[in-house]
Amino acid sequence: MKTCRIAVVGAGLSGLYAARLLNAAGLDVIVLEARDRLGGRILTADEDGLPSEDGFDLGPSWYWPQMQPAMATLVGQLGLSFFCQNGEGDVIFERMSRERPQRYSPTSMERQSMRLAGGTAALVRALAADLPADRILRGTKVTAMKLADAGVELSVERADGSASLLQAEHVIAALPPRLLESTMRFTPGQKPETAARWRDTATWMAPHAKFFATYDQPFWRTDGVSGTAQSMVGPMVEIHDATTASGKAALFGFLGVGAGQRAATGEQVLKEACLTQLARLFGPPALKPRATILKDWAADPLTATAADRTGGAHPAPGSKEWVSAPWKDRLFLASSETSPSEPGYLSGAVSAAEEAVTKILSEIQRQ
């Protein structure tokens with residue numbers, strides 16, 4: 001049986017950052033990731049929707065340094081380049097299908113949204129680079145956890161179907177509580193009130209879908225338009241300029257169509273409807289994209305559960321404990337949803353990782 005001091009389940013931002021902090025403290029860490037890629041809900045992709053080092057953010061893309069110091073500090077520590085979300089130009093508002101979209105100039109600037117050069121996955125690459133490559137196991141799904149005298153025994157399934165056990169003194173579960181509750185078997189079981197809290201915590205991004213259209217040039221900018229639009233007509237309800245730092249032009253939008261309706265409608269019909277909407281808002285050039293990408297997070301079983309297909313309220317910070325006895329000193333939750341501040345955001349993932357690591361280090365010192 002393989003052993004380690006700390007097992008981190010999930011190689012998204014929170015999991016990798018927690019592993020980096022623990023590794024820097026001299027602790028033996030193994031990161032287990034069910035996907036064949038790192039990043040979790042962070043996915044920077046090329047025009048074919050495949051992971052890329054200079055692509056489009058199909059998951060989270062923004063952070064706000066003034067409001068999210070934890071995220072700003074990490075970006076600085078990693079030496080990553082960042083740039084402002086394009087806000088130059090008019091904004092378009094589409095109120096009703098029988099009315100022409102209205103164009104107006106914003107009267108006040110909101111706090112500036114920032115994006116990372118190379119996409120948000122630049123964070124993932126930088127964090128993973130600080131960890132021993134052989135301690136990050138991809139295509140490795142944890143299906144069960146069992147308390148043992150020496151800590152926690154994890155049941156692991158690999159992509160090739162093989163199974164094994166891993167023994168760890170402590171475990172950080174860096175995946176959404178709802179996903180943890182629905183996919184993991186615990187022995188002994190979690191207390192009913194703990195399982196209920198996990199189950200009732202909405203997973204951010206899980207109900208949503210993002211559509212991208214890429215172009216040779218950001219033609220909307222030459223027309224004095226920022227690329228920002230809001231619509232009460234749809235299918236997209238919120239649209240932004242997604243042009244990369246390297247100049248790859250794109251528009252993206254959040255679909256206002258529910259997960260069930262998206263599945264029933266089909267990807268091709270949705271893409272065509274989105275292009276038709278972009279043409280209404282930004283003109284005929286929108287109908288001739290280089291490529292289109294539709295990422296439906298509700299259809300991703302490693303992000304969403306059946307409960308995530310409806311709703312999508314932003315998780316709210318809470319003061320209750322996420323783990324109760326007898327697991328309290330062995331299992332620590334560290335997804336963005338569990339963060340005491342900015343839950344659901346990238347900054348929340350950073351804060352959740354820091355809190356989990358602080359608790360583990362304190363527990364090790366106590367022992």
Side-chain angles (χ1 to χ4, degrees), residues 1-33 69-71 73-74 76-78 123 126-137 142 144-154 156 165-177 180 184 186-191 193-194 197-198 317-343 347-367:
M1 182 189 301
K2 183 177 286 190
T3 63
C4 65
R5 196 81 185 268
I6 316 291
V8 177
V9 183
L13 173 56
S14 58
L16 290 173
Y17 184 43
R20 179 177 183 261
L21 292 172
L22 291 166
N23 184 67
L27 298 175
D28 179 34
V29 184
I30 289 181
V31 182
L32 304 108
E33 170 55 52
M71 180 67 179
T73 298
L74 180 58
Q77 288 177 349
L78 296 175
L123 268 175
L127 291 171
D130 282 346
L131 296 171
D134 64 347
R135 307 308 272 177
I136 302 176
L137 309 180
V142 179
M145 296 188 203
K146 179 181 179 180
L147 279 179
D149 292 339
V152 183
E153 188 178 278
L154 296 88
V156 175
L165 296 176
L166 172 67
Q167 183 83 31
E169 290 182 19
H170 302 280
V171 176
I172 290 180
L175 65 165
L180 181 66
M184 198 75 62
F186 290 93
T187 305
Q190 298 294 332
K191 289 185 176 180
E193 58 268 28
T194 299
R197 185 182 189 196
W198 294 1
S319 58
K320 294 180 182 179
E321 292 291 336
W322 287 99
V323 182
S324 54
W327 287 90
K328 187 174 176 62
D329 298 330
R330 295 295 183 181
L331 175 65
F332 303 85
L333 269 57
S335 78
S336 181
E337 285 79 8
T338 69
S339 173
S341 63
E342 304 287 346
S347 187
V350 173
S351 297
E354 291 174 340
E355 182 178 58
V357 169
T358 298
K359 287 180 178 179
I360 283 184
L361 294 178
S362 176
E363 180 63 24
I364 289 174
Q365 289 175 352
R366 185 184 69 81
Q367 292 176 347

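- In this structure, the side chain of W322 does not engage the main chain of W198 through any donor-acceptor pair within 3.5 Å.
- Distance CG/L16 to CD1/I136: 6.0 Å, rounded to 0.5 Å.
- Across all their heavy atoms, A334 and A356 have their closest contact at CB-CB, 3.8 Å.
- Interatomic distance, M145 CE to Q190 CD, rounded to the nearest 0.5 Å: 9.0 Å.
- The two residues A349 and S336 have their closest heavy-atom pair at N-OG, 3.4 Å.
- The shortest distance between side-chain heavy atoms of S341 and S347 does not fall below 4.5 Å.
- Under a 3.5 Å cut-off, the side chain of E33 and the backbone N or O of A11 do form a donor-acceptor pair.
- The shortest distance between side-chain heavy atoms of L361 and L21 does not fall below 4.5 Å.
- Contact annotation: the side chain of L74 approaches that of L13 to within less than 4.5 Å [non-hydrogen atoms, C-beta and beyond].
- Residues in residues 349-363 take part in these salt bridge (Lys or Arg N to Asp or Glu O under 4.0 Å) pairs, two or more places apart or across chains: E363-R366.
- Looking at every heavy atom in both residues, S324 comes nearest to T194 through OG-OG1, 2.7 Å.
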Distance-only donor-acceptor hits, side chain of residues 167-174, under 3.5 Å, sequence neighbours excluded:
residue	atom	partner	partner atom	Å
E169	OE1	R5	NE	2.7
E169	OE2	R5	NE	3.1
H170	ND1	D329	O	3.0

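- A 4.5 Å side-chain heavy-atom check between F186 and L180 finds at least one atom pair inside the cut-off.
- The nearest pair of heavy atoms linking K2 to I30 is CD-CD1, 3.6 Å.
- Here CD1 of I6 is found 5.5 Å from CG of L27. Values are rounded to the nearest 0.5 Å.
- K328 pairs by the salt bridge (Lys or Arg N to Asp or Glu O under 4.0 Å) definition with E321, not counting sequence neighbours.
- Judged as a side chain to side chain contact (heavy atoms under 4.5 Å, CB included), and not counting sequence neighbours, the contacts of L147 are V152, P188, P326, W327, R330.
- The two atoms that bring L166 and A7 nearest to each other are CD2-CB, 4.1 Å, heavy atoms only.
- Here the shortest heavy-atom pairing between V29 and N23 reads CG2-N, 4.1 Å.
- Legend: salt bridge (Lys or Arg N to Asp or Glu O under 4.0 Å) pairs involving residues 14-29, not counting sequence neighbours, sorted by first then second residue: R20-D130, D28-R135.
- Every residue was checked against the side chain to side chain contact (heavy atoms under 4.5 Å, CB included) condition with T358, not counting sequence neighbours, and none meets it.
- Between the side chain of S351 and the backbone N or O of G348, no donor-acceptor pair lies under 3.5 Å.
- Note: L32 CG to C4 SG = 7.5 Å, rounded to the nearest 0.5 Å.
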